[in-house]
Amino acid sequence: MLQQTQVSTVIDYYQRFLASFPDVKSLADASTEAVLAHWSGLGYYARARNLHKAARMVMEEFAGQFPGAPEALVRLPGIGRSTANAIAAFAFGVPAPILDGNVKRVLMRHLGIEAPPTGAALEQRLWAVVHDRVPADATHAQMIAYTQGMMDLGNMVCARSKPACQLCPVASDCEALHRGLQNVIPLPKPKKTVPERETVMAVWQHDGQLALQKRPDTGIWGGLWSFPEYPAVDDVPGGKGQLLPAFMHVFTHFKLHITPLLMQGPNIPQDLSLQWFPLADALALGLPQPIRRIIETIAASQQEYRLQSRT
DNA sequence: AAGTCGGGGCT
DNA sequence: AGCCCAGACTT
């Protein structure tokens with residue numbers, strides 16, 4: 001969950017997730033559907049599918065015993081070099097170093113590397129450095145403290161903006177501070193303009209139910225439930241609908257302008273394999289954030305309607 | 001090496 | 001509005 005996602009964002013998801021799947025077996029026994037529902041809104045949904053698959057692999061290939069060696073961990077889907085080492089260090093006390101965004105920034109400043117935080121060459125150099133610096137004879141407790149300390153140093157002291165160098169335990173030999181570059185390193189990434197796309201989402205509604213479509217497992221929002229999409233309003237079959245407020249959803253690599261079009265059922269295109277869900281049931285599915293937003297808007301307007309018609 | 005894959009917090 | 005976050009995986 002924490003891959004590319006801030007701790008404050010994860011906490012609620014993490015607690016709900018563990019309440020439902022308290023151990024590897026319960027996660028392995030769950031449906032992908034249920035796992036994605038718990039991930040709904042968190043993003044990077046391949047992480048959920050990979051975690052689910054990894055749990056099943058641990059049950060089948062490791063007899064339910066989580067492997068502790070980094071070489072074994074990286075073979076599990078969704079676990080790369082840094083996450084493998086983090087698990088090995090935290091859970092098993094293995095002297096394996098991590099290299100996440102925080103550690104990367106700390107090292108670039110400490111070494112005085114005037115470059116953007118990108119590229120295979122930099123990656124290779126920094127991995128060599130962390131392997132060189134990790135305390136090889138640390139106890140389990142020390143590995144936990146060291147690993148957590150490395151991340152906290154980057155997050156709380158060697159922060160992205162306004163680093164608190166006066167609090168830094170390694171300020172005395174920090175190359176960036178020495179040269180007054182602590183606010184310059186790392187250099188900004190070369191920025192590229194993100195393309196913008198447009199889509200119309202057809203929201204078929206009938207008798208308090210909505211028609212949803214399960215997306216393919218690969219690609220954007222893989223395995224989640226969504227509304228069928230069309231290039232333009234005129235492309236939506238079944239006559240006129242009611243336009244709902246359009247909004248924009250920002251991805252890492254493009255911006256999506258979404259125009260929801262409310263259509264009245266029950267007649268819907270048969271070739272789309274749509275399924276009907278009562279509003280409350282729909283909100284319990286694995287939904288991308290914008291789809292959840294649309295459904296909540298509809299639910300709120302229906303609630304509004306009920307309140308008004310009562311008076 | 002570059003692109004894909006979300007959503008939100010912070011400035 | 002832009003940047004980046006407890007990155008991994010595919011092309």
Side-chain angles (χ1 to χ4, degrees), chain A residues 1-14 36 38-54 70 73-91 96-106 108 115-124 126-127 130 144 146-156 158-163 183-197 215-224 226 247-256 258 286-293:
Chain A
M1 283 185 176
L2 289 161
Q3 288 169 354
Q4 289 293 285
T5 307
Q6 296 183 359
V7 175
S8 58
T9 302
V10 162
I11 293 176
D12 287 346
Y13 285 90
Y14 175 75
L36 282 173
H38 282 75
W39 215 273
S40 179
L42 194 55
Y44 283 152
Y45 299 97
R47 294 180 299 177
R49 297 192 300 272
N50 285 335
L51 181 61
H52 187 218
K53 190 183 297 179
L73 287 163
V74 288
R75 300 183 59 80
L76 296 172
I79 298 180
R81 198 169 173 186
S82 188
T83 302
N85 287 4
I87 296 170
F90 277 116
I98 60 167
L99 184 59
D100 70 340
N102 290 309
V103 175
K104 205 179 215 177
R105 181 175 54 254
V106 170
M108 288 188 71
T118 56
L122 175 67
E123 203 84 359
Q124 201 169 2
L126 294 184
W127 269 115
V130 292
I144 292 175
Y146 177 80
T147 307
Q148 191 66 53
M150 288 295 288
M151 288 187 289
D152 287 349
L153 183 62
N155 185 43
M156 302 163 67
C158 196
R160 185 162 59 90
S161 63
K162 298 180 183 175
N183 292 303
V184 177
I185 296 175
L187 267 49
K189 291 181 186 175
K191 55 187 169 191
K192 44 207 162 199
T193 58
V194 299
E196 303 194 14
R197 302 179 199 168
R215 302 176 65 93
D217 281 334
T218 57
I220 197 90
W221 296 335
L224 300 194
S226 184
F247 61 97
M248 185 173 70
H249 188 77
V250 181
F251 292 92
T252 308
H253 47 300
F254 66 96
K255 297 178 182 176
L256 185 62
I258 300 173
L287 303 172
Q289 190 52 40
I291 276 66
R292 179 172 299 280
R293 170 176 168 169

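Because only heavy atoms are used, hydrogens play no part in the values below, and waters and symmetry mates are left out as well, while side chains stay in. So that the names make sense, note that chain A is the first sequence line, chain B the second, and so on, each numbered from 1.
A:Gln4 comes within contact range of at least one nucleobase, with a heavy-atom separation under 4.0 Å. Within the nucleic acid shown, A:Ala86 has no heavy atom closer than 4.0 Å to any nucleic acid atom. Using a 4.0 Å heavy-atom distance criterion, A:Pro77 is classed as a sugar-phosphate-only contact. Within 4.0 Å of A:Glu123, counting heavy atoms only, lies no atom of the nucleic acid at all. Among the atoms of the strands shown, only primed sugar atoms or phosphate atoms (P, OP1, OP2) are found under 4.0 Å from some heavy atom of A:Arg105. As judged by a 4.0 angstrom heavy-atom cut-off over every strand, A:Leu42 is placed among the base-contacting residues. Residue-level contact check: A:Pro290 touches the backbone only, with heavy atoms under 4.0 Å from sugar-phosphate atoms and none from bases. Looking at heavy-atom distances under 4.0 Å, A:Pro288 makes contact with sugar-phosphate atoms alone, never a base.
The separation between A:Leu73 atom CG and C:dG7 atom C1' is 15 Å, rounded to whole Å. Rounded to a whole Å, the CG atom of A:Asn50 is 6 Å from the P atom of C:dC9. Following rounding to the nearest Å, A:Phe251 (CZ) and C:dC5 (P) show an atom-to-atom distance of 21 Å. A:Phe247 has its CZ atom 13 Å from the C1' atom of B:dG7, to the nearest Å. A:Leu224 places its CG atom 12 Å from the C1' atom of B:dC5, with the value rounded to the nearest Å. Between A:Asp217 atom CG and C:dT10 atom P the separation is 14 Å, expressed in whole Å. Counting to the nearest Å, the C1' atom of B:dG7 and the CZ atom of A:Arg293 are 13 Å from each other. Atom pair A:Asn183:CG and B:dT11:P shows a separation of 14 Å (rounding to whole Å applied).
Annotation: side chain of A:Thr252 is in contact with side chain of A:Tyr44 (closest heavy-atom distance under 4.5 Å). The side-chain heavy atoms of A:Asp100 and A:Met150, taken from C-beta on, include no pair separated by under 4.5 Å.
Nearest-nucleotide assignment on DNA chain B puts the 5′-proximal partner with A:Arg47, out of A:Arg47 and A:Lys162. A residue-by-residue look at A:Ile79 and A:Val7 shows that A:Val7 has its nearest nucleotide of DNA chain C further toward the 5' end. Between A:Gly119 and A:Gln3, the residue whose closest nucleotide on DNA chain B is further toward the 5' end is A:Gly119.
Panel note: side chain A:Asn85, backbone A:Pro97; a donor-acceptor pair is recorded below 3.5 Å. Formation of a donor-acceptor pair under 3.5 Å by the A:Thr5 side chain with backbone atoms of A:Gln3 is found in this model.
OP1 or OP2 of B:dG7 has at least one side-chain nitrogen or oxygen of A:Trp221 nearer than 4.0 Å. The side chain of A:Lys192 places an N or O atom within less than 4.0 Å of a non-bridging phosphate oxygen (OP1 or OP2) of B:dG3. Close to C:dC5, at under 4.0 Å from its OP1 or OP2, lies no side-chain N or O of A:Gln6. Using a 4.0 Å cut-off, some side-chain N or O of A:His253 falls inside it from OP1 or OP2 of B:dC5. When the side-chain nitrogen and oxygen atoms of A:Thr252 are compared with OP1 and OP2 of B:dG7, none of them lie within a distance under 4.0 Å. Using a 4.0 Å cut-off, no side-chain N or O of A:Tyr44 falls inside it from OP1 or OP2 of B:dT4.
The side chain of A:Ser82 lies closest to C:dA8 when the candidates are B:dG7, C:dA8, C:dC3. Distance from the side chain of A:Ala120 is smallest to B:dA1 among B:dG6, B:dA1, C:dA8.
Atom name C1', nucleotides B:dG9 and C:dA8: the rounded distance is 22 Å, in whole Å.
We find the NZ-CG distance between A:Lys104 and A:Leu126 to be 7.0 Å, quoted to the nearest 0.5 Å.
Here the closest non-hydrogen pair linking A:Val106 and A:Leu153 is CG1-CD2, 4.0 Å. Of all heavy-atom pairs spanning A:Arg105 and A:Cys158, the tightest one is NE-O, 2.8 Å.
Side-chain N/O atoms of A:Thr9 and base N/O atoms of B:dG9 include no donor-acceptor pair closer than 3.5 Å. Side-chain N/O atoms of A:Thr5 and base N/O atoms of B:dG7 include no donor-acceptor pair closer than 3.5 Å.
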